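Dropping the structure in here first, questions after.
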Amino acid sequence: MADRTDADEQILDLLREGARTQAYLVDETGFSRTHIRNRLQIMEARGWVENLHRQSALWELRTDPDEADGEQE
């Protein structure tokens, strides 16, 4: 997918291992909190991730875009 960023790829790789907090994603990727939050919101709108707990910003992979056959973004 051409419009996925390096941050998206790193976030997806980490979420493939299990649910992660936004803070964990920031620490592991080195991107800013704002950038990670923005990318997560975009991925949530595409149906790829789900925020399980808003207070702790716990995110989970919902639909792996690499495994979705013929689905739209």
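Residues take their numbers from the sequence shown, with the count starting at 1. Just so we're clear, the structure is a prediction, and the values are computed from it rather than from any experiment.
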So, using salt bridge (charged side-chain N to carboxylate O under 4.0 Å, His left out) as the criterion, who are the partners of R16 when residues are at least two apart?
D13, D64, D66

Holding to side chain to side chain donor-acceptor pair (under 3.5 Å), I want the full list of residues that pass it with H53, two or more places apart in sequence or in another chain.
S56

Evaluate the side chain to side chain contact (heavy atoms under 4.5 Å, CB included) criterion for residues R39 and I36: first the C-alpha distance (whole Å), next the side-chain angles of each, then the deciding distance (0.1 Å), finally the verdict.
CA-CA 5 Å; R39 298 316 304 168; I36 294 295; 5.7 Å; no

Any chance you could measure T5, atom OG1, to N38, atom CG, to the nearest 0.5 Å?
10.5 Å

State the CZ-CD1 distance between R37 and I42, to the nearest 0.5 angstrom.
12.0 Å

Side chain to side chain contact (heavy atoms under 4.5 Å, CB included), that's the test. Do N51 and L40 meet it? Break it down for me.
CA-CA 9 Å; N51 189 333; L40 286 166; over 6 Å; no

Sequence neighbours excluded, which residues qualify as side chain to side chain donor-acceptor pair (under 3.5 Å) partners of T21?
none

What pairs with E44 under salt bridge (charged side-chain N to carboxylate O under 4.0 Å, His left out), at least two apart in sequence or on another chain?
R54

Side-chain donor-acceptor contacts of residues 23-30 below 3.5 Å, not counting sequence neighbours, with atom names and distances?
unit_1	atom_1	unit_2	atom_2	d
T29	OG1	L25	O	2.7
T29	OG1	F31	N	3.3

Sequence neighbours left out, what passes side chain to side chain donor-acceptor pair (under 3.5 Å) with Q10? Give chain and number order.
D6

Which ILVMFWY residues are connected to L58, directly or by a chain of links, through side-chain heavy atoms under 4.5 Å apart?
L52

The side chain to side chain contact (heavy atoms under 4.5 Å, CB included) partners of E17 (sequence neighbours excluded) come to L14, R20

Evaluate the criterion side chain to side chain contact (heavy atoms under 4.5 Å, CB included) for residue pair V49 and M43; output intermediate values, then yes/no.
CA-CA 6 Å; V49 300; M43 289 190 279; 3.8 Å; yes

Where L15 and W59 come nearest, the two heavy atoms and their spacing
CD2-O, 3.5 Å

With side chains defined as the heavy atoms from C-beta onward, is the minimum distance between R46 and P65 less than 4.5 Å?
no

